[in-house]
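Heads up, the thing below is written out as structure tokens.
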Amino acid sequence: MLMSSPARTKAAVVLVVDPDPIRQRETRDRLVILGYTVRSADDYEAALGIIEITPPDVVVVTGLPAEGDLWNDLQTELNKWGVPAMALPPADGPLTDADERDLKLRIDAAVQTRTLQDALMTENARLSAERLHDPLTGLFNRRYIMIRVEEEILRSSRRGHPLSCMLIDADDLAGVNENWGHQTGDIVLRDMAHLITRTMRASDVACRYRDDQFLVLLTDTDAAGAQIAANRLRDSIAGYNFFNQMSSEPIKLTASIGVAYWQPITKPGQEGTWEPQLIGLSERALKAAKQSGKNRLVILQAT
């Protein structure tokens, strides 16, 4: 008889699907001796119920056809969770040492494959997050917003809903870096990002656009709504005490904001005749705001 599995294998959960209660119990007992945590089901329908609640690491099927609608449903559910399935022919008698050895090797290989897949998916998710998020503020980055703005333009075009783009520039952040150092400037940027996410709606999309600039897509928002949102954000920034690690006195800042808004044309025969360049227009609006002084707001309409 084989010795129990090492610690890595003991954590593996095996679901045995077998309509024969005696054979099911014998298989379950042998797998427990081999070091696995074992659950069991009499048919595919019962197995689906277990998998939907607590997916196992491996499914072992004996005595049931590897075909038909229920088998396909099982495969679909397992694929969703990345769980491998092994269809084994029913044994004529108790498992021999060779049978146990072969079964253990197959289960361990399946568990290892799933572990590697899980690790790969986790790493891919991490890399994807790094590609789309700014590491300093945690907001989306410019790469993401350039993709997202195209999606929002198409969505607004289909539904005929307005779309606004807000570009925020922290006034005198260069002075903070010169007077207190870039570490303090980084703290200010993180606080600024926090203010933006706290002030904006959950449906709005915020990103760090450039060093000291942030961009927010205001979905389903016209000029009046964008003006209200921009003024609310300007007031929040002007009234906030930014932490200064180099002094007991907080840092006070303002922000200049440029807004571009667009109302899609919904007249028959004119759909999609103009592709708005919202970000470029918001940059023009921000430039005008900066030229007119600090803590200013300029709104331009895309026509």
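Note that these values count all heavy atoms, side chains included, but never hydrogens, waters or copies made by symmetry.
- Taken to the nearest 0.5 Å, the OG atom of Ser292 stands 13.0 Å off from the NZ atom of Lys287.
- Side-chain atoms of Arg284 do not come within 3.5 Å of backbone N or O of Leu300 as any donor-acceptor pair.
- Looking at Leu167, Val259, Leu163 one by one, the single match for side-chain contact (heavy atoms from CB on, under 4.5 Å) with Leu278 turns out to be Leu163.
- Shortest non-hydrogen contact noted between Ala85 and Gln75 is CB-NE2, 3.9 Å.
- Listed by chain and residue number, nothing satisfies the ring-ring contact (aromatic ring centres under 6.0 Å, His included) test with Phe214 (two or more places apart in sequence, or in another chain).
- In this structure, the side chains of Asp43 and Val17 stay at 4.5 Å or more apart for every pair of heavy atoms.
- Residues satisfying the side chain to side chain contact (heavy atoms under 4.5 Å, CB included) test with Phe243, not counting sequence neighbours, are Ile187, Asp191, Gln245.
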Margin query: Run Ile168 and Val216 through side chain to side chain contact (heavy atoms under 4.5 Å, CB included) and show every step you take.
Written below: CA-CA 8 Å; Ile168 306 111; Val216 182; 3.8 Å; yes

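- Residues Ile50 and Ser40 come closest through the heavy atom pair CD1-O, 3.6 Å.
- A donor and an acceptor atom, one from each side chain of Arg208 and Asn141, are nowhere located under 3.5 Å apart.
- A single hydrophobic cluster is seen to contain both Leu74 and Trp81, as judged by linkage of ILVMFWY side chains at heavy-atom distances under 4.5 Å, directly or through other members.
- Nearest heavy atom pair, residue Ser164 against residue Ala226, reads OG-CB, 3.7 Å.
- Residues Leu218 and Ile147 do not share a hydrophobic cluster, defined by chaining ILVMFWY side chains whose heavy atoms lie under 4.5 Å apart.
- A heavy-atom distance below 4.5 Å is not found between the side chains of Cys207 and Tyr144.
- Using a 3.5 Å distance cut-off with no hydrogens or angles, the side chains of Ser256 and Asp171 do pair a donor with an acceptor.
- In summary, the side chains of Asp42 and Gln24 do present a donor paired with an acceptor at a separation below 3.5 Å, with no hydrogens or angles considered.
- Clustering ILVMFWY residues whenever any of their side-chain heavy atoms sit less than 4.5 angstrom apart, transitively, puts Trp180 in the very cluster that holds Leu136.
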Checklist line | Residue pair Asp73, Leu48: steps toward the side chain to side chain contact (heavy atoms under 4.5 Å, CB included) verdict | finding: CA-CA 8 Å; Asp73 291 343; Leu48 281 168; 4.0 Å; yes

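- Between the side chains of Arg296 and Thr254, no donor N or O sits under 3.5 Å from an acceptor N or O.
- Ion pairing between a basic and an acidic side chain is recognised when a charged N comes within 4.0 Å of a carboxylate O; Arg148 and Glu152 show such pairing.
- Expressed to the nearest 0.5 Å, how far CE of Met166 lies from CZ of Arg234 amounts to 10.5 Å.
- Here the closest non-hydrogen pair linking Leu15 and Ala41 is CD1-N, 4.2 Å.
- Partners of Asp220 under the side chain to side chain contact (heavy atoms under 4.5 Å, CB included) rule, at least two apart in sequence or in another chain, are Arg155, His161.
- Atom CE of Met192 and atom OG of Ser236 lie 11.0 Å apart (nearest 0.5 Å).
- Within a 6.0 Å radius of CZ in Arg232, more than 12 heavy atoms belonging to other residues, nucleotides or ligands are found.
- A side-chain N or O of Tyr36 and one of Asp108 form a donor-acceptor pair less than 3.5 Å apart.
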Item checked: Check against side chain to side chain contact (heavy atoms under 4.5 Å, CB included), Lys294 and Asp172 -> CA-CA 9 Å; Lys294 300 177 183 178; Asp172 291 335; 2.5 Å; yes

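- For CD1 of Ile22, the number of neighbouring non-hydrogen atoms (other residues, nucleotides, ligands) closer than 6.0 Å is 12 at most.
- A distance-only check finds no donor-acceptor pair linking the side chain of Asp204 to the backbone of Met200 [under 3.5 Å].
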Next item on the list: Starting from the C-alpha separation in whole Å, work towards a yes-or-no answer on side-chain hydrogen bond (donor to acceptor under 3.5 Å, both in side chains) for Glu77 and Tyr44.
Entry: CA-CA 11 Å; Glu77 188 68 19; Tyr44 291 141; over 6 Å; no

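- Residues Phe242 and Leu195 form a side-chain contact, since some pair of their non-hydrogen atoms from C-beta on lies under 4.5 Å apart.
- Put simply, CD1 on Ile299 and CG on Leu281 are 11.5 Å apart, with the number rounded to the nearest 0.5 Å.
- Clustering ILVMFWY residues whenever any of their side-chain heavy atoms sit less than 4.5 angstrom apart, transitively, puts Leu217 in the very cluster that holds Met146.
- In this structure, a donor-acceptor pair under 3.5 Å is absent between the side chains of Tyr261 and Gln227.
- No more than 12 heavy atoms of other residues, nucleotides or ligands sit less than 6.0 Å from atom CD of Glu45.
- You'll find the side chain of Leu64 stays beyond 4.5 Å of the side chain of Asp18, heavy atoms only.
- Here the side chains of Val83 and Ile51 are not in contact, with every heavy-atom distance at 4.5 Å or above.
- In this model, a donor atom of one side chain and an acceptor atom of the other lie less than 3.5 Å apart for Thr137 and Asp134.
- Annotation for Arg142: atom CZ counts as buried by contact number, over 12 foreign heavy atoms lying within 6.0 Å.
- The minimum heavy-atom distance linking Pro84 with Asp57 is given by the pair CD-O, 3.2 Å.
- Other residues, nucleotides and ligands contribute over 12 non-hydrogen atoms within 6.0 Å of the NZ atom of Lys290.
- In this structure, Val32 is a member of the same hydrophobic cluster as Val111, with clusters built from ILVMFWY side-chain heavy atoms closer than 4.5 Å.
- Arg201 and Thr221 form a side-chain donor-acceptor contact under 3.5 Å, judged by distance and modelled atom types alone.
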Notebook entry, point to check: side chain to side chain contact (heavy atoms under 4.5 Å, CB included) between Asn244 and Thr184: does it pass, once the steps are laid out?
Noted result: CA-CA 6 Å; Asn244 186 353; Thr184 301; 3.8 Å; yes

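- Here the straight-line distance linking atom CD1 of Ile251 with atom CG of Asn179 works out to 8.5 Å at 0.5 Å rounding.
- Here His194 contributes atom NE2 and Ile196 contributes atom CD1; the two are 11.0 Å apart, rounded to the nearest 0.5 Å.
- Using a 4.0 Å cut-off between charged side-chain N and carboxylate O, Glu26 and Arg23 make no salt bridge.
- Contact of the Asp235 side chain with the Thr199 side chain is not registered, since no non-hydrogen atoms from C-beta on lie closer than 4.5 Å.
- Leu215 has its side chain within reach of Cys165: a pair of non-hydrogen atoms, C-beta onward, lies under 4.5 Å apart.
- Side-chain atoms of Leu253 and Val176, non-hydrogen and from C-beta on, do get closer than 4.5 Å to each other.
- Counting all heavy atoms, side chain and backbone alike, Asn241 lies closest to Pro250 at CB-CB, 3.6 Å.
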